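Order of appearance sets the numbers: ligands from 1, and atoms from 1 within every ligand. Here the structure is a predicted model, which is why all the values come from computation and not from measurement. No hydrogens, no waters, no symmetry mates; every other heavy atom, side chains included, goes into these values.
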Amino acid sequence: MAKATKSFSCTACGASFNKWSGRCDGCGAWNTIVEDTPLSTGPASKSLGNKRGSGIHLTDLSTEEAPPPRTHSGLGELDRVLGGGLVPASAILVGGDPGIGKSTLLLQAAARFAQSGLKTLYVSGEEASAQVRMRAQRLGLGDAPVQLAAATNLRDILTTLETEQPQLVVIDSIQTMWADNVESAPGSVSQVRAAAHELTSFAKRKGVSVVLVGHVTKDGQIAGPRVVEHMVDTVLYFEGERGHQFRILRAVKNRFGPADEIGVFEMTGSGLAEVTNPSALFLSERGEPSPGSVVFSGIEGTRPVLVEFQALVAPSPHAQARRSVVGWDGGRLAMILAVLEARCGIPFAGLDVYLNVAGGMKVQEPAADLAVAAALLSAREDAALPAECVVFGEISLSGALRPVGQTENRLKEAQKLGFSTAIAPAGGKAVGGNNLSLRQFGDLTEFVGDIFGAG
Ligand code: TYD
Ligand code: MG
């Protein structure tokens, strides 16, 4: 085994030597040469050894720099999800199922950003330029100053970006890009990773904002953009149910703004239209109160949104009763059913349970627990909740109701939309307005007894 070589360096000028001497040949100083201590104590063959790097320039946290200038697209829903506009040199991933409307959204966004002065390039790896142009015509964006390209070779694209120097680049989609130094086929994990790495580091180096489109399949089989999520600053998911025209753009990671912010759009014949008052939209078909239907006053990101939970409970013809959930977490539903049974003595055994969030919305907040419990009970007892009533609150395993954040915003939104009653956990900030009566309960049994009579 090779003997680890010693190395020496001068503390005055930093010159390095492989043997000690009294005077530095570099700067002429005396008694400044010392033996280097190894950088690492790991095994000699695997460690960094004695070889020293150069010092990194350190700074402190105080800064004179202004916050990054943000460009607004004018699409308020998109700007808010981005954290208040587009940040220069940021890398953004927009994921979503095929056909959900990613290309439509990004073409519209590219056009808006170009119109507000950013030099914008749209690279399509899936559609020919003529196809993109036709879509732009149909969306009424034919005169937007967006430069188009249909390309998939990463080397060609980076070369073009270097000469064109755009401020915003849309890559549609990352799965179609291929780097010629990577052996595997386009769409494979190593290609997607390589392409995303090259594009994001290019973005940082040259100050270009890059938007990457990525397909996710329901079963996550294809090398999804998941591997890319770590590399980018912002991850947005574009979701919606097929058959519903509503689309929700959700920030799941954002280094430049709040995560969990949503933007709501509607797919129309002429592209995506902003929905600035989503509560009104998700509740638009409300008539007489019906059993199993409960309105939840939720918070999505920074904004209150009212959504309707619908439950159906029916005797099960099967040996094992069904629990089916759309738009809410199945595990959480099981928990609420268990709490209702254990703490309130209301069994759901032998009953099929279906739970749905109206309008294709997905709810993730635990604050919806009480609304779900209310919908389940209302369906089971075939008794509608009082009309014009919103419900929110978290349920703990003990059956206690826990106050949730932003009570005031939830109540304000309910009041704004003409609701007259709110059911909430006790202990939350009780503000209740002039025409909104607030009913608070400490635990689930109390709530069940009061609203549905028997326990
Ligand atoms: P697209 O943006 O191509 O989806 P993705 O890029 O996510 O695969 O959108 C495709 C769907 O959008 C398609 O089913 C048709 C519909 N659509 C409209 O309803 N109106 C429109 O104006 C456009 C452009 C598309
Ligand atoms: Mg597309």
Side-chain angles (χ1 to χ4, degrees), residues 73-75 77-78 81-82 92-115 120-144 146-152 154 157 168-178 186-187 191-192 195-196 199 210-226 228-229 232 234-252 262-275 281 359-360 362:
S73 66
L75 283 169
E77 295 292 300
L78 174 66
V81 174
L82 287 173
I92 299 162
L93 172 71
V94 179
D97 296 335
I100 205 76
K102 299 180 295 299
S103 304
T104 310
L105 175 72
L106 289 173
L107 187 60
Q108 285 181 256
R112 294 298 202 101
F113 279 120
Q115 280 160 347
T120 306
L121 221 132
Y122 185 103
V123 182
S124 178
E126 302 193 335
E127 293 164 279
S129 296
Q131 258 175 301
V132 180
R133 223 176 286 127
M134 260 162 52
R135 182 189 302 222
Q137 291 289 343
R138 200 148 47 81
L139 298 174
L141 300 170
D143 54 356
V146 178
Q147 288 180 294
L148 269 187
T152 55
L154 199 60
I157 292 171
L168 170 65
V169 181
V170 177
I171 304 284
D172 186 3
S173 66
I174 189 71
Q175 271 99 354
T176 55
M177 298 298 138
W178 60 284
Q191 280 289 5
V192 169
L199 286 162
V210 177
V211 180
L212 308 174
V213 175
H215 297 296
V216 223
T217 53
K218 281 253 153 63
D219 49 351
Q221 276 301 314
I222 294 179
R226 295 256 150 192
V228 184
E229 284 186 359
V232 296
T234 303
V235 179
L236 309 179
Y237 271 88
F238 203 38
E239 7 173 274
E241 293 291 323
R242 272 175 204 282
H244 281 294
Q245 68 272 45
F246 314 126
R247 299 283 182 273
I248 292 163
L249 186 66
R250 187 188 294 275
V252 296
I262 64 164
V264 184
F265 296 88
E266 190 178 354
M267 184 59 98
T268 69
S270 53
L272 289 157
E274 286 181 80
V275 175
L281 175 124
K362 283 196 180 72

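Between M267 and T104, some side-chain heavy-atom pair lies under the 4.5 Å cut-off. Considering only heavy atoms from C-beta on, R112 comes within 4.5 Å of Q115 through its side chain. L78 has its side chain within reach of F113: a pair of non-hydrogen atoms, C-beta onward, lies under 4.5 Å apart.
Using a distance-only test at 3.5 Å, with no hydrogens or angles considered, no donor-acceptor pair links the side chain of E266 to the main chain of Q245. When atom types are taken as modelled, the side chain of R247 and the backbone of I100 share a donor-acceptor pair closer than 3.5 angstrom.
Distances shorter than 2.8 Å separate the Mg ion (ligand 2) from the protein N/O/S atoms S103 OG.
Considering all non-hydrogen atoms of both residues, A195 and I174 come closest at CB-CD1, 3.8 Å. Of all heavy-atom pairs between P186 and T176, the closest is CB-O, 4.3 Å. Residues K102 and G96 come closest through the heavy atom pair NZ-O, 3.3 Å.
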Within the protein, flag every N or O under 3.5 Å from an N or O of ligand 1, and note the pair and distance.
| residue | atom | partner | partner atom | Å |
| --- | --- | --- | --- | --- |
| ligand 1 | 2 (O) | S103 | N | 3.2 |
| ligand 1 | 2 (O) | T104 | N | 2.8 |
| ligand 1 | 2 (O) | T104 | OG1 | 2.6 |
| ligand 1 | 2 (O) | R135 | NH1 | 3.0 |
| ligand 1 | 3 (O) | R135 | NH1 | 3.2 |
| ligand 1 | 3 (O) | R135 | NH2 | 3.2 |
| ligand 1 | 4 (O) | G101 | N | 3.1 |
| ligand 1 | 6 (O) | S103 | N | 2.9 |
| ligand 1 | 6 (O) | S103 | OG | 2.6 |
| ligand 1 | 7 (O) | I100 | N | 3.3 |
| ligand 1 | 7 (O) | G101 | N | 3.0 |
| ligand 1 | 7 (O) | K102 | N | 2.8 |
| ligand 1 | 7 (O) | K102 | NZ | 2.9 |
| ligand 1 | 8 (O) | G99 | N | 2.7 |
| ligand 1 | 20 (N) | T268 | O | 2.9 |
| ligand 1 | 22 (O) | G269 | O | 3.2 |
| ligand 1 | 22 (O) | G271 | N | 2.8 |

Practice problem: Let me see the working for S103 and Y122 under side chain to side chain contact (heavy atoms under 4.5 Å, CB included), right down to the final yes or no. | Solution: CA-CA 10 Å; S103 304; Y122 185 103; 3.9 Å; yes
